[in-house]
Protein chains: 2
Amino acid sequence: MPDKISEMHAEICRTLGSGARIEILNALRDGEKTVSEITRDLGLRQANVSQHLAVLRQRRVVATRKEGTSIYYKVSNPKIIQACELMRQVLLEQLRESEELTKLASPSRKR
Amino acid sequence: MPDKISEMHAEICRTLGSGARIEILNALRDGEKTVSEITRDLGLRQANVSQHLAVLRQRRVVATRKEGTSIYYKVSNPKIIQACELMRQVLLEQLRESEELTKLASPSRKR
DNA sequence: TGCATATATACGAATATTCGATTAGAAAAT
DNA sequence: ATTTTCTAATCGAATATTCGTATATATGCA
């Protein structure tokens, strides 16, 4: 039985565990955007984007601001971006490592 | 449709999206441990710990080393620990913020 | 008021994840 | 060889997540 903090920690991680939501965070990297803008950027359906935003909002990964009929979303804490950046680096390092293993398995021909 | 990198990124995040797995990573913070040790530390069933380790292994969040009948697990990349640390900070900041809001809502009595 | 636009919610089907119980496999010890 | 110990894998039930479709709500405008 994981303790409460670990479970909350995991919940934040789960919140980032969707390709669409990762792309939303990337879209919000350099500032706030409206739902329409995000929807346009990602090329997903409006309802679907709104669902993902709801998940991010519930876990307070994003914050909102209302202006007229539009709602602006932004990442609530820059540390979230930093954490994402680190995990992306881990991913890229893994990919590089895989490539190297592949090369070792079938070395390119010398001529 | 999220691109491939974002989907892989999300997969790593999903891998951390379980309280038990977060606690496993915490248990491995200061070095490698065997499955038995992790199982004892967390107080979960061996089969369950092994299942979680399999998830972490598949996504290469942890790496293994065999010694006799034991298998030692460690976190594969220190950046994963760093990312977790950042997310835990985000979580703690959120909790502090909630506390403050609670205080504002029902201020402690002055005497 | 009526209508268009922006965003959120509800619902259901498909899919994925989680855990316990059980079994399998591999190495060590007797 | 048998038994014991350590770890992994399988299977099924319960639960959670995801997406599309449809609908609701709110705001601004004619």
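Lettering follows sequence order; numbering is per chain, from 1.
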Open item on the list: Under 4.0 Å, heavy atom to any atom of DNA chain C: which of residues 30-41 of chain A qualify?
Closed with: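 A:T34, A:V35, A:S36, in order of number.
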- [ ] Could you check which residues of residues 5-18 of chain A get a heavy atom under 4.0 Å from DNA chain C? Sort them by number, please.
- [x]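 Output list: empty, so none.
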Report each atom pair, protein N/O against N/O of nucleotides 24-28 of chain D, whose distance is under 3.5 angstrom.
none

Task: Set of side-chain contact (heavy atoms from CB on, under 4.5 Å) partners for A:A54, sequence neighbours left out - done: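 Only A:R57, A:Q58 meet the side-chain contact (heavy atoms from CB on, under 4.5 Å) criterion with A:A54.
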Task: Where at least one partner belongs to residues 33-55 of chain A, residue pairs that pass salt bridge (charged side-chain N to carboxylate O under 4.0 Å, His left out), sequence neighbours excluded - done: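 Residue pairs with at least one partner in residues 33-55 of chain A: A:K33-A:D41.
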Open item on the list: By the salt bridge (charged side-chain N to carboxylate O under 4.0 Å, His left out) test, which pairs, at least two apart or in different chains, include something from residues 79-96 of chain A?
Closed with: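 Residue pairs with at least one partner in residues 79-96 of chain A: A:R29-A:E85, A:K79-B:E93, A:E93-B:K79.
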TODO: Could you pull out all residues at least two apart from A:E100 that satisfy salt bridge (charged side-chain N to carboxylate O under 4.0 Å, His left out)?
DONE: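 Not a single residue meets the salt bridge (charged side-chain N to carboxylate O under 4.0 Å, His left out) criterion with A:E100.
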For a quick test of your reading: what N or O donor-acceptor pairs under 3.5 Å do the side chains of residues 12-22 of chain A make, sequence neighbours left out?
{"from": "A:R14", "atom 1": "NH1", "to": "B:G17", "atom 2": "O", "distance (Å)": "2.7"}
{"from": "A:T15", "atom 1": "OG1", "to": "A:E11", "atom 2": "O", "distance (Å)": "2.7"}
{"from": "A:T15", "atom 1": "OG1", "to": "A:R59", "atom 2": "NH1", "distance (Å)": "3.1"}
{"from": "A:S18", "atom 1": "OG", "to": "A:A20", "atom 2": "N", "distance (Å)": "3.3"}
{"from": "A:S18", "atom 1": "OG", "to": "A:R21", "atom 2": "N", "distance (Å)": "3.1"}
{"from": "A:R21", "atom 1": "NE", "to": "A:T15", "atom 2": "O", "distance (Å)": "2.6"}
{"from": "A:R21", "atom 1": "NH1", "to": "A:H52", "atom 2": "ND1", "distance (Å)": "3.1"}
{"from": "A:R21", "atom 1": "NH2", "to": "A:R14", "atom 2": "O", "distance (Å)": "3.4"}

Task: 5' to 3' contact window, DNA chain C with chain B (heavy-atom distance under 4.0 Å) - done: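 Listed 5' to 3', the contact boundaries are C:dT17 to C:dA28.
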Open item on the list: Rounding to an integer number of Å, can you tell me how far B:Y73 OH sits from D:dT7 P?
Closed with: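 For the pair B:Y73 OH and D:dT7 P, the rounded distance is 9 Å.
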TODO: Any chance you could pull the hydrophobic cluster mates of A:L86, using side-chain heavy atoms under 4.5 angstrom and chaining through other members?
DONE: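 Members other than A:L86 - counting any ILVMFWY side chain reachable under 4.5 Å - are B:L86.
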- [ ] Tell me what B:Y72 touches on the nucleic acid: a base, only sugar-phosphate, or nothing, going by heavy atoms under 4.0 Å.
- [x]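 Nothing, no nucleic acid heavy atom in range.
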Open item on the list: Need the bend value for the helix from C:dT1-D:dA30 to C:dT30-D:dA1: angle between end axes, 5 pairs each end, nearest 10°.
Closed with: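 So the angle between the two local helix axes works out to 10°.
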Task: Those residues of residues 47-62 of chain B lying under 4.0 Å from DNA chain D by at least one heavy atom - done: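 Output list: B:A47, B:S50, B:Q51, B:R57.
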